[in-house]
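The shown structure was predicted, so the numbers you read here are calculated from the model rather than taken from an experiment.
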Amino acid sequence: LFVKGNNRTNSSRPSGASKPTTFSQPPDDPHTFHAKPSNNTQQNDIKQTTNSHAPGSNPVDVWTDGSYYYDPTHDTDTAGLGVFFGDDDARNVSEPLPFGAAITNNRAEIMGSLRALQILSKEDPKPARIVIHTDSMYVIGCFVNPIPNGSTDISKQLRQRGYTTNFDLLVSLVKMTWGFGDVKFEHVKGHSGMYCNEMADKLSKDGSQKRLRGGGGASPTCKKKKR
């Protein structure tokens, strides 16, 4: 039994991303976390701007997702990440979270976005504008207010926003955005039939299965853990 969403699909692809939801809904984290946009921040899209003179080229759109499953029978945690650029795109990724690392849904979500930026950072030239579409409010909350390029107190600023863990990945994600001219995180409602998001979800689930196969093939079921 997959526990993340209802696995709905949409056979017809929309021409663009679905309209993002507002940030009035609670984020997908059990801790006290209430990220609120500032007065000068648009509710429907959060942008981490690192270069106000970024070229006006068309942005690169990428959809990311993370999946986590726990099998109580075998006491097995598994998680995977998915990165979707488009059909038959060689940059698409379906990977398990590495063994030896903490395994939670939020870490899988962070690593999905981080992996997308790692892929784009290797392109020559690197894209000046990027839009990362994610259904994780936990990830988006990092960028409700931009953390200035070169900040040395990223963890402190994240704590002030309600984060209590995962600083190793969150700090890496923030720093990774600094390597591009303009990175925007846009929320898309999960499991709503939006084709590109469904594909990212599928890739993340496939990634978690790869981890299970590597760890003995236990079946994913039951609870979704978020930390």
Nearest heavy-atom contact between Asn197 and Val188 is OD1-CG1, 3.6 Å

Quiz prompt | Check: Arg115 side chain, Thr64 main-chain N or O, donor-acceptor pair, under 3.5 Å | solution = no

Scanning both residues in full, the closest heavy-atom pair of Gln118 with Met176 reads CA-CE, 3.5 Å

Any salt bridge linking Asp206 with Lys202? Criterion: basic side-chain nitrogen under 4.0 Å from a carboxylate oxygen. yes

Contacts of Asp153 meeting side chain to side chain donor-acceptor pair (under 3.5 Å) (sequence neighbours excluded), chain-then-number -> Gln157

ask   = Is Val131 reachable from Phe84 through a run of hydrophobic residues whose side-chain heavy atoms are each under 4.5 Å from the next?
value = no

Heavy-atom closest pair (Ala102 atom, Leu97 atom, distance to 0.1 Å) is O-CD2, 4.1 Å

Q. Do Phe180 and Ile154 sit in the same hydrophobic cluster, where Ile, Leu, Val, Met, Phe, Trp and Tyr count as joined when their side-chain heavy atoms come under 4.5 Å apart?
A. yes

Between Glu198 (side chain only) and Gly193 (backbone N and O only), is there a donor and an acceptor less than 3.5 Å apart? yes

Distance col, row Thr78:OG1 vs Gln209:CD, nearest 0.5 angstrom, shows 7.0 Å

### Query
Would a distance-only check, ignoring hydrogens and angles, find a side-chain to backbone donor-acceptor pair under 3.5 Å from Ser204 to Gly82?
no

Rounding to 0.5 Å, atoms OG (Ser155) and CD1 (Ile147) come to a distance of 9.0 Å

Q. Ignoring hydrogens and geometry, is there a side-chain-to-backbone donor-acceptor pair from Lys210 to Gly80 under 3.5 Å?
A. no

What one should report as the nearest heavy-atom pair of Phe185 and Ile140 is CB-CG1, 4.2 Å

Sequence neighbours excluded, the answer for side chain to side chain contact (heavy atoms under 4.5 Å, CB included) partners of Ile110 is Tyr138, Val139, Asn166, Leu169, Leu170, Leu173

Q: Starting from the C-alpha separation in whole Å, work towards a yes-or-no answer on side-chain contact (heavy atoms from CB on, under 4.5 Å) for Thr177 and Phe143.
A: CA-CA 10 Å; Thr177 65; Phe143 304 98; 3.9 Å; yes

If you measure only the distance, is there a donor-acceptor pair under 3.5 Å linking the side chains of Asp77 and Tyr69?
no

Distance col, row Ile130:CD1 vs Ser113:OG, nearest 0.5 angstrom, shows 11.0 Å

For Ala116 and Phe85 the tightest heavy-atom approach is O-CZ, 4.4 Å

Those residues at least two apart in sequence (or on a different chain) that pass side chain to side chain donor-acceptor pair (under 3.5 Å) with Thr134 are none

Arg159 meets the salt bridge (Lys or Arg N to Asp or Glu O under 4.0 Å) criterion, sequence neighbours left out, with none

For Gln160, the side chain to side chain donor-acceptor pair (under 3.5 Å) test, sequence neighbours excluded, returns none

For residues 163-172, the salt bridge (charged side-chain N to carboxylate O under 4.0 Å, His left out) pairs (sequence neighbours left out) are Arg107-Asp168

Problem - Polar side-chain atom of Asn92 near backbone of Asp87 as donor-acceptor pair, under 3.5 Å - result: no

Going through the checks in order, is the side-chain contact (heavy atoms from CB on, under 4.5 Å) test met by Leu120 and Arg91?
CA-CA 9 Å; Leu120 291 172; Arg91 297 171 297 178; 3.8 Å; yes

Closest heavy-atom pair, Val83 versus Leu81, reported as atoms and distance to 0.1 Å, is CG2-CD1, 4.1 Å

